[in-house]
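Quick note on labels: first sequence line is chain A, next is B, and so on, each numbered from 1.
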There are 2 protein chains.
Amino acid sequence: MIEAAQNPVTTVMRALADPTRRAVFERVFESKEISVAELTRGSGVTQGAISQHLKSLKQAGLVAERAEGRNVYYRAAPEGLEPLVTWMDHYGVFWRERFQNLRDLLKEIDP
Amino acid sequence: MIEAAQNPVTTVMRALADPTRRAVFERVFESKEISVAELTRGSGVTQGAISQHLKSLKQAGLVAERAEGRNVYYRAAPEGLEPLVTWMDHYGVFWRERFQNLRDLLKEIDP
DNA sequence: TAGATCAATTAGTAAATACTAATGCATTAG
DNA sequence: CTAATGCATTAGTATTTACTAATTGATCTA
């Protein structure tokens, strides 16, 4: 079946469904800012593959970039996860299962 | 890159990344219990396709079934979303960005 | 300047995937 | 019993996708 112009939920899900690409996102997130070359190192795939994954992630709104000299630094854009959160919210998963955490988190933030 | 024995996050993400399959899950969820025939109606795809999607969803732990006579009734298993929740939890998306005022929320839930 | 490094893009390929049509196997109905 | 219905499964197909290798265009460096 075909969707008109691609639902954001679909875009984000598809971006994160691939293990390699998700690993890229995770590394970007942990690194605050990281170049393509460094991402390529230890990724197990070529630089070209990494660039392609970054393109997908960017289109999904999950990462942003900053060019500096011949490097391009990527950083995570967790707001891009919003469509997922909204979608899941609909299923009441958060409250029922994370109830405990809410109280803990609140204490932690503002004791 | 290859993952040993398929990460649950990957399984769930992949299951929900396809719009048709995700629509099936949504309908199952809304219906509390629904037969394959009824799911097929108005789905735009064949009964076989629906059965295949249900198989994926079941393997991902997102639905469960109950056979009765020649019908098989499916119901949602939102616990199957747990891997997603856990994964996303790691990015602090839920509480910090979704609710500006946790205190109000907590009061509202448990005054 | 000439070379080296960084990143994006392209062309090509093997594998995965979403589908259909057809078949088979139960179960129910006439 | 025979016909019909509900569902799963199979084989086959077109499309998508994740990758590599190679190229290009920058920018930095010796």
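- Interatomic distance, B:Ser35 OG to B:Arg70 CZ, rounded to the nearest 0.5 Å: 11.5 Å.
- Which of D:dC19, D:dA8, C:dC6 sits closest to the side chain of A:Val45 comes down to D:dC19.
- The aromatic ring centres of A:Tyr91 and B:Phe25 sit less than 6.0 Å apart.
- Following chains of ILVMFWY side-chain contacts shorter than 4.5 Å, one cannot reach B:Tyr73 starting from B:Leu62, and the two form parts of different hydrophobic clusters.
- Rounding to whole angstrom units, CZ of residue B:Arg66 and C1' of D:dC7 are separated by 15 Å.
- Comparing D:dA8, C:dA8, D:dC19 by their nearest atom to the side chain of A:His53 picks out D:dC19.
- Looking at the side chain of B:Arg70, the nearest of the listed nucleotides D:dC7, C:dT27, D:dA18 is C:dT27.
- Across all strands shown, B:Ser35 has heavy atoms under 4.0 Å from sugar-phosphate atoms exclusively, and none from any base.
- Computed from coordinates, the A:Ile34 CD1 to C:dA7 C1' distance equals 14 Å when rounded to whole Å.
- Atom C1' of nucleotide D:dA8 and atom CG of B:Leu54 are separated by 11 Å, given to the nearest angstrom.
- Among the atoms of the strands shown, only primed sugar atoms or phosphate atoms (P, OP1, OP2) are found under 4.0 Å from some heavy atom of B:Tyr74.
- Rounded to whole Å, the distance from NZ on B:Lys55 to C1' on C:dC19 is 15 Å.
- The OH-P distance, from B:Tyr73 to D:dG6, rounds to 10 Å in whole Å.
- One can place NZ of A:Lys58 at 12 Å from C1' of C:dA7, the figure rounded to the nearest angstrom.
- B:Gln52 and B:Ser56 share no side-chain donor-acceptor pair at under 3.5 Å.
- Judged as a side-chain hydrogen bond (donor to acceptor under 3.5 Å, both in side chains), and not counting sequence neighbours, B:Glu30 has no contacts.
- Residue B:Asn71 places its side chain closer to D:dG6 than to any other of D:dG6, C:dA18, C:dA7.
- A:Ala49 comes within contact range of at least one nucleobase, with a heavy-atom separation under 4.0 Å.
- For the pair A:Gly69 and B:Glu65, both in contact range of DNA chain D, the more 5′-proximal nearest nucleotide belongs to B:Glu65.
- Each of B:Gln52 and B:Gln47 was assigned the nucleotide of DNA chain C with the nearest heavy atom; the assignment lying further toward the 5' end belongs to B:Gln52.
- The CD-P distance, from B:Gln59 to D:dT9, rounds to 10 Å in whole Å.
- Of the candidates C:dA18, C:dT9, D:dA8, the closest approach to any side-chain atom of B:Arg21 belongs to C:dA18.
- Using a 4.0 Å heavy-atom distance criterion, B:Gly48 is classed as a base contact.
- Here D:dA21 is the nucleotide among D:dA21, D:dC7, D:dA18 with the atom lying nearest to any side-chain atom of A:Thr46.
- Which of C:dC19, D:dT9, C:dC6 sits closest to the side chain of A:Ala37 comes down to C:dC6.
- Separating the CG atom of A:Leu39 from the C1' atom of C:dA8 is a distance of 14 Å, rounded to the nearest angstrom.
- Residues forming a salt bridge (Lys or Arg N to Asp or Glu O under 4.0 Å) with A:Glu38 (at least two apart in sequence, or on another chain): none.
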